[in-house]
Number of protein chains: 2
Amino acid sequence: MYKENNLSKNQQIIFDLINKSSEPLKAYTILFSVQKKGIKAPPQVYRALDKLVETGKIHKIESKNAFVACRSSNCEISKATAFSICESCEMVDEISDTKLSKYLSGFNHKKGMKFKRFNLEFFGICKKCKKD
Amino acid sequence: MYKENNLSKNQQIIFDLINKSSEPLKAYTILFSVQKKGIKAPPQVYRALDKLVETGKIHKIESKNAFVACRSSNCEISKATAFSICESCEMVDEISDTKLSKYLSGFNHKKGMKFKRFNLEFFGICKKCKKD
DNA sequence: TTACATAGTGTTATATTATAACAAATTTAA
DNA sequence: TTAAATTTGTTATAATATAACACTATGTAA
Ligand SMILES: [Zn+2]
Ligand SMILES: [Zn+2]
Ligand SMILES: [Zn+2]
Ligand SMILES: [Zn+2]
């Protein structure tokens, strides 16, 4: 059963929910939404989320404690993630910009630390909210 | 009393603690540390933290829910913050790199959204941890 | 097939992080 | 000196996340 798509039952349920969502979902919103499918307790949700993040199917928006499905191909297994976040409507959009991704992946710390991964969050007011 | 340095009593106590710390401090660690100074409840800590973040004296490390004092001059009032984070020892270092800061401040989203602010977190293993 | 290791599940309890709401005191500015 | 704005103190509670344990399902290899 797991072989078909390498996601377990709970992982698939939770991924589907996040993937269909147009906005970031929080863990307890997810929990509430999947209770009818038999997922009843926080650890079930957090374990699935952890795995999905680990495998790069979803990303955590750290400034919001919320999760979005990966929409990019630049961020292989979440090593190079960038998002634009509207401070008014809370919309989150994954940024797929090869130049940006390369620039940051190649960035070297003056103090010699070698980076394996980065996460970048941009904040502003989206076009839609500016009209209002 | 507030005029001298524009920090209130609680704000100053909490800023001093964070500023002296060599590692990011969490809200409840701070709360515990300042109880002898009369700060007894979470809201007192969170209010001071909010204000200090707002005025750019400290930054929140989103991936760790922890706070560090600002060590940079590139990040005026926290509009352009970047950190290097060791995944082994949890050390956090604020990155002051004018080029990086300019590059990201000038980054324009393809979808036309204008950014006011960004936060970047790099992850890796620091030099000290690599030796071990 | 059996046996083993790895990964996933269900469950209860609890830890950690953060805010709501309200009353009082302090500071600032008109 | 009065009124607004900010800060403080306090209690309670909301929201986010993990520990620990017993059990089940799956993949691998003798
Ligand atoms: Zn992605
Ligand atoms: Zn918006
Ligand atoms: Zn700074
Ligand atoms: Zn380290």
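Here is the naming used below: chain letters follow the sequence lines, and residue numbers restart at 1 for every chain.
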With sequence neighbours excluded, tell me which residues meet salt bridge (Lys or Arg N to Asp or Glu O under 4.0 Å) with [X].
{"X": "B:Asp97", "result": "A:Lys110"}
{"X": "B:Lys99", "result": "none"}
{"X": "A:Glu54", "result": "A:Lys51"}
{"X": "B:Lys64", "result": "B:Glu90"}

Report the distance from atom [atom1] of [X] to atom [atom2] of [N], rounded to the nearest whole Å.
{"X": "B:Lys9", "N": "C:dA25", "atom1": "NZ", "atom2": "C1'", "result": "11 Å"}
{"X": "A:Asn6", "N": "D:dT26", "atom1": "CG", "atom2": "P", "result": "15 Å"}
{"X": "B:Gln44", "N": "D:dA12", "atom1": "CD", "atom2": "P", "result": "15 Å"}
{"X": "A:Gln11", "N": "C:dA7", "atom1": "CD", "atom2": "C1'", "result": "9 Å"}
{"X": "A:Phe32", "N": "D:dA15", "atom1": "CZ", "atom2": "C1'", "result": "15 Å"}
{"X": "B:Lys37", "N": "D:dG9", "atom1": "NZ", "atom2": "C1'", "result": "18 Å"}
{"X": "B:Ile39", "N": "D:dT8", "atom1": "CD1", "atom2": "C1'", "result": "10 Å"}
{"X": "A:Leu31", "N": "D:dA14", "atom1": "CG", "atom2": "P", "result": "16 Å"}

Does [X] place a side-chain N or O at less than 4.0 Å from the phosphate oxygens OP1/OP2 of [N]?
{"X": "A:Ser8", "N": "C:dT9", "value": "yes"}
{"X": "A:Asn10", "N": "C:dG10", "value": "yes"}
{"X": "A:Lys51", "N": "C:dA7", "value": "no"}

Any residue meeting ring pair (Phe, Tyr, Trp, His ring centres under 6.0 Å) with A:Tyr28, in chain and number order, not counting sequence neighbours: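 Applying ring pair (Phe, Tyr, Trp, His ring centres under 6.0 Å) to A:Tyr28 gives none.
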What pairs of donor and acceptor atoms, side-chain ones from residues 33-44 of chain B against any protein atom, are under 3.5 angstrom apart with sequence neighbours left out?
| residue | atom | partner | partner atom | Å |
| --- | --- | --- | --- | --- |
| B:Ser33 | OG | B:Thr29 | O | 3.0 |
| B:Lys36 | NZ | B:Ser33 | O | 3.3 |
| B:Gln44 | OE1 | B:Lys40 | N | 2.9 |
| B:Gln44 | OE1 | B:Ala41 | N | 2.9 |

Greater than 12 external heavy atoms within 6.0 Å of A:Lys128's NZ: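 Not more than 12 within 6.0 Å, no.
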Nucleotide-resolved protein contact map, nucleotides 12-21 of chain C, B/S/- at heavy-atom distance under 4.0 Å: B----BBBBB
Listing, residues 113-126 of chain B side-chain donor-acceptor contacts under 3.5 Å, not counting sequence neighbours, or none:
| residue | atom | partner | partner atom | Å |
| --- | --- | --- | --- | --- |
| B:Lys116 | NZ | A:Glu87 | OE1 | 3.2 |
| B:Arg117 | NH2 | A:Glu87 | OE2 | 3.3 |
| B:Asn119 | OD1 | B:Thr81 | OG1 | 2.8 |
| B:Asn119 | ND2 | B:Glu121 | OE2 | 3.1 |
| B:Glu121 | OE1 | B:Ser63 | N | 3.3 |
| B:Glu121 | OE1 | B:Ser63 | OG | 2.7 |
| B:Glu121 | OE2 | B:Glu62 | N | 3.0 |

Dot-bracket encoding of pairs in DNA chain C, which uses [ ] for pseudoknotted crossings and | for another strand, Watson-Crick or G-U under 3.5 angstrom: ||||||||||||||||||||||||||||||
Test side chain to side chain contact (heavy atoms under 4.5 Å, CB included) applied to B:Val68 and B:Asn19, B:Asp93, B:Val92, the passing residue: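 Answer to the side chain to side chain contact (heavy atoms under 4.5 Å, CB included) test with B:Val68 among B:Asn19, B:Asp93, B:Val92: B:Val92.
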